[in-house]
Amino acid sequence: MRTATLGPEQRAKALAGMAERELDVLVVGAGVVGAGTALDAATRGLTTGLVEARDWASGTSSRSSKLIHGGLRYLEMLDFALVREALKERGLLLERLAPHLVKPVPFLYPLQHKGWERLYAGSGVALYDAMSVSSGHGRGLPVHRHLTRKRALRVAPALRKDALVGALQYYDAQMDDARYVTTLVRTAAAYGALCANRARVVGFLREGERVVGARVRDVEGGRGRPAEYEIRAKQVVNATGVWTDDTQAMIGERGRFHVRASKGIHLVVPKDRINSSTGLILRTEKSVLFVIPWGRHWIVGTTDTDWDLDKAHPAASSADIDYLLEHVNAVLAVPLTRDDVEGVYAGLRPLLAGESDATSKLSREHTVAHPVPGLVMVAGGKYTTYRVMAKDAVDEAVHGLDQRVADCVTEEVPLVGAEGYRALWNGRAGIAARTGLHVVRVEHLLNRYGSLTDELLDLVQADASLGEPLTGADDYLRAEVVYAASHEGARHLDDVLTRRTRISIETFDRGTRTARECAELMAPVLGWDKQQIEKEVEHYEKRVQAERESQRQPDDQTADAARLGAPDIVPL
């Protein structure tokens with residue numbers, strides 16, 4: 001299929017194009033739900049716009065546990081419908097929609113009680129597997145297995161012998177959440193959606209009671225382009241996650257529901273610190289704790305605490321880090337220390353909160369509402385079920401359109417890079433021989449870009465230096481930085497180091513050693529002069545410094561104050 005490029009020129013054209021004529025649907029917010037909504041609308045033949053105040057997935061959708069899962073713990077809550085729906089989506093993503101991005105991952109669940117716990121937990125995991133298969137899209141994953149303590153310790157030697165009496169092993173799936181959203185946006189653009197990041201909604205257009213569009217500020221501004229656009233649309237979809245209440249306040253109406261932010265933090269540690277060939281899932285007094293394989297690293301998370309401070313940059317405190325280390329060390333033979341932590345990231349879950357505590361039980365469900373004519377709100381849910389949320393949001397918007405609109409087809413629409421991926425994977429040795437790259441490098445590219453890997457290889461062919469690894473972050477090629485700016489909408493250094501790659505959490509220096517090289521690679525694509533390069537590097541270094549300082553603070557208030565010491569490079 002034709003792929004779309006999200007470079008500086010395309011962004012300018014998208015903003016101008018959205019302002020030129022009335023759209024059928026304007027989506028506000030480009031996290032996973034907003035990006036999915038834009039794709040759903042575009043593939044129904046609707047003229048569609050997508051605007052995002054910062055970068056694709058810069059909020060919750062780049063700071064998750066990076067799992068595509070049914071939610072095993074929701075079975076215990078008897079929420080069978082949510083689990084069944086999520087397992088179907090997991091299967092679709094693995095098999096059809098994004099096999100290049102979504103991969104199986106094994107988890108070990110240590111048993112601590114003889115007899116009853118194996119029966120209880122085993123029944124739950126067996127039901128999980130059965131529901132997956134019955135969805136019609138779960139046959140690609142191995143079924144669970146029961147392990148003795150001896151076999152479990154062979155699979156995960158890092159565990160303390162007294163931490164388990166046996167174990168269960170089962171499979172779920174994972175992805176790079178920010179990369180997934182970027183791919184979603186590019187897919188939407190390939191089907192005609194006009195997409196612009198760094199474009200903030202500052203107000204809604206009204207005709208009487210009806211919302212008829214939005215005023216959008218180009219926060220990059222300058223260079224002969226107007227700073228503000230009036231974008232008219234028959235229906236506006238608010239998909240702003242934890243910012244839902246703030247966006248809702250712009251229309252001056254009391255909301256049908258409220259979204260509460262729950263903070264979850266994750267630690268990233270090197271692979272050699274935990275000797276295991278499988279991920280781990282551990283019970284805590286509140287929820288569960290995951291130890292997730294992540295390339296040459298592990299992700300350990302997560303916490304679940306209320307957060308009512310800065311939404312753009314939630315901060316991890318020293319207490320948060322200690323909580324995770326304490327819980328994971330309870331089962332590790334060789335405990336982790338602060339010195340083992342390469343990266344820390346914090347994200348906010350958008351949980352539905354009603355007028356009373358009783359309705360907060362909706363927390364992991366999603367809801368869609370039409371609070372005023374012309375405006376649809378979608379909120380709640382979980383990453384795995386984004387496609388269902390998007391379908392429901394567009395279905396609701398369609399009710400307000402005076403035209404016949406096709407049904408949702410996203411169940412049949414692979415993301416860009418999926419088509420031909422498996423054939424390229426089978427031929428990866430030939431690609432390596434032809435390009436001179438090591439086969440491991442080719443595998444890395446295929447698992448990040450799928451069949452779009454050809455576009456990166458073209459860059460390397462034109463400039464051999466782009467086939468070299470980045471200094472201080474040798475998992476990534478120099479070509480990936482150039483490609484992020486030219487094809488994936490990266491506008492600033494932070495976009496590349498934090499979301500297009502994961503250098504900011506995968507290196508002990510948090511990306512500061514690599515920052516200047518990346519900025520110099522981006523500069524020709526984005527038209528930066530030496531002064532802008534210096535500004536980008538300085539801003540990134542200050543951001544890292546502020547995050548490190550926040551992670552030394554004892555509580556949320558002091559951590560938030562420390563993190564806010566580094567301002568955004570583009571004020572909103």
Side-chain angles (χ1 to χ4, degrees), residues 3-42 46-59 61-62 178 181-205 213-233 235-241 243 247 250 312 390 416 483-492 494-496 499-500 522 525-527 568-572:
T3 60
T5 298
L6 300 174
E9 185 183 342
Q10 289 79 14
R11 176 182 176 276
K13 284 181 177 176
L15 278 169
M18 283 187 260
E20 279 173 5
R21 60 172 177 151
E22 184 183 43
L23 302 169
D24 291 323
V25 177
L26 173 65
V27 183
V28 181
V32 71
V33 176
T37 300
L39 175 60
D40 189 295
L46 298 171
T47 56
T48 305
L50 173 67
V51 291
E52 161 59 46
R54 294 184 296 151
D55 184 29
W56 322 128
S58 55
S61 294
S62 61
V181 173
T182 296
T183 307
L184 257 184
V185 175
R186 288 192 70 186
T187 309
Y191 284 101
L194 300 171
C195 307
N197 55 357
R198 305 282 174 186
R200 185 189 184 199
V201 170
V202 293
F204 289 103
L205 304 177
R215 283 198 318 282
V216 175
R217 180 174 300 148
D218 177 1
V219 297
E220 301 282 285
R223 303 189 186 178
R225 295 195 308 274
E228 228 169 76
Y229 296 84
E230 283 200 352
I231 299 175
R232 301 183 75 81
Q235 292 287 308
V236 177
V237 178
N238 175 16
T240 52
W243 284 272
T247 314
M250 289 184 195
V416 291
Y483 188 79
S486 64
H487 286 68
E488 297 183 332
R491 301 286 303 167
H492 295 283
D494 187 57
D495 299 343
V496 170
R499 285 173 291 279
R500 303 306 181 281
M522 296 172 72
V525 180
L526 298 173
D568 284 334
I569 193 162
V570 181
L572 289 179

>> Rounded to the nearest 0.5 Å, what separates atom OG1 in Thr3 from atom NE2 in His487?
In response: 7.0 Å

>> Quick check: closest heavy atoms across Leu15 and Ala199, and the distance to 0.1 Å?
In response: CD2-CB, 4.0 Å

> Looking at side-chain heavy atoms only, is the closest gap between Ser486 and Thr5 below 4.5 Å?
Replying inline: no

> Shortest non-hydrogen contact from Ala214 to Leu26?
Replying inline: CB-CD2, 3.9 Å

> Rounded to the nearest 0.5 Å, how far does CE of Met18 lie from CD1 of Ile231?
Replying inline: 4.5 Å

> What's the verdict on side chain to side chain contact (heavy atoms under 4.5 Å, CB included) for Trp243 and Asn238, showing C-alpha distance, side-chain angles and the deciding distance?
Replying inline: CA-CA 9 Å; Trp243 284 272; Asn238 175 16; over 6 Å; no

>> Main chain of Ala4, side chain of Arg186: is a donor-acceptor contact present, judged purely on distance under 3.5 Å?
In response: yes

>> Applying salt bridge (Lys or Arg N to Asp or Glu O under 4.0 Å), can you list everything that pairs with Arg499, at least two apart in sequence or on another chain?
In response: Asp55, Asp494, Asp495

>> Name the residue from Arg11, Arg198, Arg200 that meets the side chain to side chain donor-acceptor pair (under 3.5 Å) definition with Asp218.
In response: Arg11

> Are any side-chain N or O atoms of Ser61 and backbone N or O atoms of Val32, one a donor and one an acceptor, separated by less than 3.5 Å?
Replying inline: yes

>> Could you check whether any side-chain N or O of Arg491 sits under 3.5 Å from a backbone N or O of Asn197, counting only pairs where one atom can act as donor and the other as acceptor?
In response: no

> Do the non-hydrogen side-chain atoms of Leu23 and Thr48 ever get within less than 4.5 Å of each other?
Replying inline: no

> What are the two closest heavy atoms between Leu50 and Gly34, and how far apart are they?
Replying inline: CD1-O, 3.8 Å

>> Looking at every non-hydrogen atom in both residues, tell me the closest pair between Ala188 and Ala42 and how far apart they are.
In response: O-CB, 4.1 Å

> Can you name the closest pair of heavy atoms from Val181 and Trp56 and give their distance?
Replying inline: CG1-CB, 4.3 Å

> Between Val496, Leu6, Thr182, which is the residue that forms a side-chain contact (heavy atoms from CB on, under 4.5 Å) with Glu488?
Replying inline: Thr182

> Does the side chain of Val185 reach to within under 4.5 Å of the side chain of Glu52, using non-hydrogen atoms?
Replying inline: no

>> Could you check whether any side-chain N or O of Ser62 sits under 3.5 Å from a backbone N or O of Ala57, counting only pairs where one atom can act as donor and the other as acceptor?
In response: yes

> Taking only residues two or more places apart in sequence or in another chain, which ones pass side chain to side chain donor-acceptor pair (under 3.5 Å) with His492?
Replying inline: Glu220, Glu536

> If you take all heavy atoms of Val416 and Thr187, which pair is closest and at what distance?
Replying inline: N-OG1, 3.0 Å

>> Test: salt bridge (charged side-chain N to carboxylate O under 4.0 Å, His left out). Region: residues 15-38. Which pairs qualify, not counting sequence neighbours?
In response: Asp24-Lys234

